[in-house]
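Worksheet: one structure, shown below.
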Amino acid sequence: MQEGNLNLGQLEDANTSTGQEEIAKSVLASTGRSGQYDLQDLENVTVYYGGDLTENKEDVVISVSFGPKNTVIAAYMTNGDVYEYVGDIGNFYGVENIRFIPSKELGQDIVVVRERVNQSLGSFEETDVLRGYVYEKDGFRDVLNTPAKIKASWNKLWDNTIPKDESQWRRITENTESVWGTEGNTDLTLTRQQNYLISDDTNKEKEPENDTFQTQDSRVVVERFYWSPVWGRFILGDAVERVTGEPVALVENLEKSPYTLAGFSNYADFGIVRGDGTFAYVPKEELEQINL
């Protein structure tokens, strides 16, 4: 058996510590990461079968976690009793779950990873992000990237806009319900419940308890991402860039960010993808013929 491939026995043994270590070795070998990780740091191995949702039991995706910011995901396909390596999906902070979304338009499943990203960069932020991937001859390509859950807390002391003896904790939250494939289409409808909250806790450094926050504003935002064969990815809509006259895909609408409830103004309004595949944030004034 080729180095890095898996066999049925290994997958059936995936719930034991020995089995998880053997699978991790194979995944690291498959993806060219042998030597980059110490198996003593292995925390978890999870095997996701495509047949759980799509009846396509040939699809197997495996996540191997070595702790925060260190989860490797790879895909395999059956050939008899052997699961042959298909491709490297990438490195992730952490994985909440993985789903296989069937698409008749693409003739294959879309692999959707719900990535868990918790970090402190100017605020205490916990975020889940939906990342979608499709397989092409050169490997997996990302076709979707959108938040699925957000909780961010910060103190207004940090931006030097209030006296140093005051403490004003703020928080925004977003909880999202996702529905795939409405009316038989390859699309994703997200219903985002967003809230802006203020805490009465005056501790200047420690993030307050949840019950100290009171809601100041809230709203529900509904967005639909649909599969565009023109762009080969999920988009919200399209527009034309004024300077170049070239069409662009709209993939993020910052006007619907929960941070706007807290009074943050965006330096840009949309995330776009250009024809050459590059991504950029731009103000709406730089676009025309906006179609959402």
Residue pair I235 / L250, side-chain heavy-atom distance below 4.5 Å: no

Backbone of L287 reached by a side-chain donor or acceptor of R242 within 3.5 Å: yes

Salt bridge E255-K284, side-chain N to carboxylate O under 4.0 Å: yes

Single-linkage hydrophobic cluster, 4.5 Å side-chain cutoff, I150 and V129 together: no

Aromatic ring pairing F66/Y37, orientation class (parallel under 30°, perpendicular over 60°, tilted between): parallel

Close side-chain approach of N210 and K151, heavy atoms under 4.5 Å: yes

Salt bridge (charged side-chain N to carboxylate O under 4.0 Å, His left out) against E252, all qualifying residues, sequence neighbours excluded: none

Flag for R141-Y133: side-chain donor and acceptor within less than 3.5 Å: no

Sequence-distant partners of D138, side chain to side chain contact (heavy atoms under 4.5 Å, CB included), two or more places apart: none

Counterpart residues, ring-ring contact (aromatic ring centres under 6.0 Å, His included), relative to F234 (two or more places apart): W180, W227

Pairs flagged by salt bridge (Lys or Arg N to Asp or Glu O under 4.0 Å) wherever residues 216-232 is involved - sequence neighbours left out: D187-R224, R192-E223

Stepwise side chain to side chain contact (heavy atoms under 4.5 Å, CB included) check, L106 with V134: CA-CA 9 Å; L106 279 72; V134 296; 3.3 Å; yes

Y135: ring-ring contact (aromatic ring centres under 6.0 Å, His included) partners, not counting sequence neighbours: F140

Distance-only side-chain donor-acceptor flag, S103 / E105, under 3.5 Å: no

Working for side chain to side chain contact (heavy atoms under 4.5 Å, CB included), residues L11 and I62: CA-CA 10 Å; L11 298 186; I62 299 175; 4.0 Å; yes

Linked, directly or transitively: F270 and V221 (ILVMFWY side chains, under 4.5 Å): no

With P208 via side chain to side chain contact (heavy atoms under 4.5 Å, CB included) - residues at least two apart: W169, S199, D201, T212, F213

Exceeds 12 heavy-atom contacts within 6.0 angstrom, atom CG of D41: yes

Greater than 12 external heavy atoms within 6.0 Å of Q40's CD: no

Pairs satisfying side chain to side chain donor-acceptor pair (under 3.5 Å), at least one member in residues 228-240, at least two apart: none

Check: T71 and E43 side chains under 4.5 Å, non-hydrogen atoms: no

Salt bridge (Lys or Arg N to Asp or Glu O under 4.0 Å): pairs with one or both residues in residues 21-30, sequence neighbours excluded: E22-K25

Smallest separation among heavy atoms of L254 and A268, with atom names: CD1-O, 3.5 Å

Donor-acceptor side-chain pairing of R171 and N195 below 3.5 angstrom: no

Pair V117-K69, side chain to side chain contact (heavy atoms under 4.5 Å, CB included): steps then yes or no: CA-CA 8 Å; V117 183; K69 303 182 183 180; over 6 Å; no

V179 and E177, any side-chain heavy atoms less than 4.5 Å apart: yes

Any donor-acceptor pair under 3.5 Å from Q20 side chain to V45 backbone: yes

Residue pair T215 / S218: nearest heavy atoms and the distance that separates them: CG2-CB, 4.4 Å

With E12 via side chain to side chain contact (heavy atoms under 4.5 Å, CB included) - residues at least two apart: L8

Pair R274 + E241, salt bridge at N-O below 4.0 Å: yes

Rounded distance (nearest 0.5 Å) linking atom CZ of F264 with atom OG of S257: 9.5 Å

Nearest-0.5 Å distance that lies between atom NZ in K149 and atom CD in E96: 7.5 Å

CD1 on I23 to CG on L28, rounded to 0.5 Å: 12.0 Å

Main-chain N/O of V112 paired with R131 side-chain donor or acceptor, under 3.5 Å: no

Under 3.5 Å side-chain donor-acceptor pair for N5 and E84: no

Step-by-step side chain to side chain contact (heavy atoms under 4.5 Å, CB included) determination, V240 to V248: CA-CA 6 Å; V240 173; V248 296; over 6 Å; no

Contact check, side chains of S178 and T189, non-hydrogen atoms, under 4.5 Å: no

Contacts of type salt bridge (charged side-chain N to carboxylate O under 4.0 Å, His left out), residue D128, not counting sequence neighbours: R114

Residues that Y281 engages under ring-ring contact (aromatic ring centres under 6.0 Å, His included), provided they are two or more places apart: F279

Straight-line distance of I98 CD1 to I73 CD1, nearest 0.5 Å: 4.0 Å

Under 3.5 Å donor-acceptor, Q216 side chain and Q214 backbone: yes

Closest approach of R116 to V95 (non-hydrogen atoms, all atoms of both residues): NH1-O, 3.4 Å

side-chain hydrogen bond (donor to acceptor under 3.5 Å, both in side chains) evaluation trace for E207 with S153: CA-CA 7 Å; E207 183 180 9; S153 304; 2.7 Å; yes

Residues in side chain to side chain contact (heavy atoms under 4.5 Å, CB included) contact with D13, at least two apart in sequence or another chain: T16

Any donor-acceptor N or O pair under 3.5 Å, side chains Y85, S26: no

Shared hydrophobic cluster, V282 / I290 (ILVMFWY, side-chain heavy atoms < 4.5 Å): yes

Heavy-atom closest pair, residues Y226 and G237: OH-CA, 3.9 Å

Euclidean distance, N15 CG relative to T46 OG1, rounded to 0.5 Å: 9.0 Å

Non-hydrogen atoms of Q10 and L6 that approach each other most closely: OE1-CA, 3.2 Å

V251 reachable from Y259 in the ILVMFWY side-chain graph, under 4.5 Å edges: no

Pairwise distance CD1(I101) to CG(D109) - rounded to 0.5 angstrom: 8.5 Å

Exercise: identify the closest heavy-atom pair between Y196 and I172: CD1-CG2, 4.0 Å

Shared hydrophobic cluster, V273 / L144 (ILVMFWY, side-chain heavy atoms < 4.5 Å): no

Flag if over 12 foreign heavy atoms under 6.0 Å of CG, D81: no

